[in-house]
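Read the structure below first, then the notes.
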2 protein chains.
Amino acid sequence: MGMRRRGQELEQAILKAAQDELLESGYAGLTMERVAKRAGTNKNALYRRWPHRAALGVAAYAELAATRTVIPDTGSLRGDVLALLRAANDHWSSPLGEILRGLLSAAGDDPELLSVLHARVSGGDSGAGMWQAVLRRAGIEVTPRVATVAMGLLRNEFVTRGTPHVPDDVLVEIVDEVYLPLVTGHLSSGAGRGRSAPAASAQER
Amino acid sequence: MGMRRRGQELEQAILKAAQDELLESGYAGLTMERVAKRAGTNKNALYRRWPHRAALGVAAYAELAATRTVIPDTGSLRGDVLALLRAANDHWSSPLGEILRGLLSAAGDDPELLSVLHARVSGGDSGAGMWQAVLRRAGIEVTPRVATVAMGLLRNEFVTRGTPHVPDDVLVEIVDEVYLPLVTGHLSSGAGRGRSAPAASAQER
DNA sequence: TTCCCTTAGGTACGGTACGTACCGTACCCT
DNA sequence: AGGGTACGGTACGTACCGTACCTAAGGGAA
């Protein structure tokens, strides 16, 4: 019987199968045997390409999560910042986020895999670039450390809580009690272009 | 042959054995069979008390890490804050910290176990209480959220990096770029009792 | 076309460790 | 005594990782 797949074609089939398994059962349910069977091949083909389960999991996830967050423009700095945090919060509690949590948990000691994962995540929600972009629109120029404070605190909430979804109150708290007070202290003198950054207003939800 | 241990006595022996295994081989090396053998009993006695490996691991760790951080008093707010961060950083990269990381990784989905772990950790290094105490000495009164910002950011660094030890530069950065600017904005008018909180001085290392 | 070399596919292991089942026996309590 | 409860011993069943070994396909070079 012909139709024996090779190289790229087989590799894609395996990755597709691995992704399906991830979406169905999470990383915990991703077993080499099931992926192999689902892809219509056997474990050999997998181990020829990835040294171990975690590597396959990361590769599959990386292809799955190749989405890029768009920088929001709500008209106010507060709105933009909240939008970024909410997007990250939603992603984290989405099916994809659950997979990511499993992977982080499993690859927690392998620095190489971790860097791949964080490269993925950084592009998605925590790169300093987008934060500085949002701040610059409000006439604020800060170091990367300061710019990403809000995201860092949110990520800390993810880790601390067991629950996947952080209540919106907490996001608002981070923004109003910490982030805006911090960055508005760095307001460049003559800038602002009509934007205001109220430190603690109850408006905008 | 008498001397059959029961109840508390046996339980303590098992926990002791589990702790020894944790210290020797980390959580990854903690197997039910080895613990049982080391405690001079068998797996039954273990499973009668803890539903699975992770629960035993958490219980053993909780008893092991029953240490309380003392609130530092270096004479300046900046010194106190840095001391707290450095203590947490050291703990995280210590043998105990490595065990904790393994446990967090393994119990990552079980909210009950996670809460036990975090209760332990909170008492150890992240409780809002000690942060507010240190701030109060400098005449600063803030919400728990603001008070614990530094610790939250440090914990975020732990997660983001693969490496167990965060460079001291980063701690200094968190303190000087974020934490002190943030909290000194909350200085109560007439207080201070001789303490100063320079936002970004190069002194004190 | 023919030959060969790379790579897929099949199957069976070895190894580890979790969690369970069963059974006999020591200890405690009444 | 006698019974209940817990311990100790041992053997499984299951799951899954990673590896070894062999056969077969199919593409490219001669």
Side-chain angles (χ1 to χ4, degrees), chain A residues 1-18 20-22 24-61 99 102-103 105-110 112-113, chain B residues 1-18 20-22 24-61 99 102-103 105-110 112-113:
Chain A
M1 306 278 275
M3 296 291 108
R4 189 177 221 166
R5 298 159 303 177
R6 297 172 74 88
Q8 281 298 337
E9 187 186 352
L10 180 59
E11 185 152 338
Q12 281 307 312
I14 295 172
L15 281 175
K16 176 71 167 56
D20 290 346
E21 289 287 331
L22 277 181
E24 274 180 25
S25 334
Y27 178 69
L30 181 83
T31 79
M32 300 305 256
E33 258 132 14
R34 301 228 329 248
V35 170
K37 173 164 288 185
R38 184 165 202 151
T41 180
N42 61 17
K43 289 194 291 179
N44 286 329
L46 277 58
Y47 280 104
R48 282 186 200 115
R49 291 172 170 77
W50 298 276
H52 43 244
R53 189 171 84 102
L56 171 59
V58 170
Y61 175 81
I99 296 169
L103 280 172
S105 192
D109 51 350
D110 189 324
E112 189 173 346
L113 289 182
Chain B
M1 312 265 276
M3 298 290 108
R4 190 177 218 164
R5 298 161 304 177
R6 296 171 76 86
Q8 280 299 341
E9 188 187 350
L10 180 59
E11 185 152 338
Q12 281 307 312
I14 295 173
L15 281 175
K16 176 70 168 59
D20 290 345
E21 288 289 329
L22 277 181
E24 274 180 27
S25 334
Y27 177 68
L30 181 83
T31 78
M32 300 304 257
E33 257 133 13
R34 301 230 328 249
V35 170
K37 172 164 291 183
R38 184 163 201 151
T41 180
N42 60 17
K43 289 196 291 180
N44 283 329
L46 277 58
Y47 280 105
R48 280 187 202 113
R49 291 172 169 75
W50 299 275
H52 42 244
R53 189 172 83 101
L56 171 59
V58 169
Y61 175 82
I99 295 169
L103 280 171
S105 192
D109 50 350
D110 189 323
E112 189 174 345
L113 289 183

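Every chain is numbered from 1 and lettered A, B, ... according to where its sequence line falls, protein lines coming before strand lines.
Here B/E24 pairs with B/R38 in a salt bridge; the nearest charged N to carboxylate O distance falls below 4.0 Å. A salt bridge does not link A/K16 to A/E21: none of the charged side-chain nitrogens sits closer than 4.0 Å to a carboxylate oxygen.
Nearest heavy-atom pair, A/I99 versus A/L22, reported as atom, atom and distance to 0.1 Å: CD1-O, 3.5 Å.
One can place CE of B/M32 at 17 Å from C1' of D/dT10, the figure rounded to the nearest angstrom. Atom NZ in A/K37 sits roughly 15 Å away from atom P in C/dG9 (whole-Å rounding). Across the protein-nucleic acid pair, B/N42 atom CG and C/dA17 atom C1' stand 16 Å apart, rounded to whole Å. Residue A/R34 contributes atom CZ, which lies 15 Å from atom C1' of D/dC17 at whole-angstrom precision. The separation between B/Q8 atom CD and C/dC28 atom C1' is 16 Å, rounded to whole Å. Nucleotide C/dC28 holds its P atom 13 Å from the CG atom of B/L10, rounded to whole Å. Rounding to whole angstrom units, NZ of residue B/K43 and C1' of C/dA21 are separated by 11 Å. In this structure, A/E33 places its CD atom 8 Å from C1' of D/dA15, rounding to the nearest Å.
A heavy atom closer than 4.0 Å to some atom of DNA chain D occurs in B/N44, B/R48, B/R49, these being the qualifying members of residues 44-57 of chain B.
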Exercise for the section: Evaluate the criterion side-chain contact (heavy atoms from CB on, under 4.5 Å) for residue pair A/I14 and A/W50; output intermediate values, then yes/no. Expected result: CA-CA 11 Å; A/I14 295 172; A/W50 298 276; 3.7 Å; yes
Exercise for the section: Could you give me the CA-CA distance, side-chain angles and deciding distance for A/E33 and A/N42, then say whether side-chain contact (heavy atoms from CB on, under 4.5 Å) is met? Expected result: CA-CA 7 Å; A/E33 258 132 14; A/N42 61 17; over 6 Å; no
Handout entry: Step-by-step side-chain contact (heavy atoms from CB on, under 4.5 Å) determination, B/L30 to B/Y61
Key = CA-CA 12 Å; B/L30 181 83; B/Y61 175 82; over 6 Å; no
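Among the atoms of the strands shown, only primed sugar atoms or phosphate atoms (P, OP1, OP2) are found under 4.0 Å from some heavy atom of A/L30.
Look at B/T41 and you'll find a side-chain N or O under 4.0 angstrom from OP1 or OP2 of D/dG8. Dashed line: the shortest gap from a side-chain N or O of B/T31 to OP1 or OP2 of C/dA17 is not under 4.0 Å.
Geometric assessment of B/R53 against the ring of B/Y47 yields a negative cation-pi assignment under the 6.0 Å and 45° thresholds.
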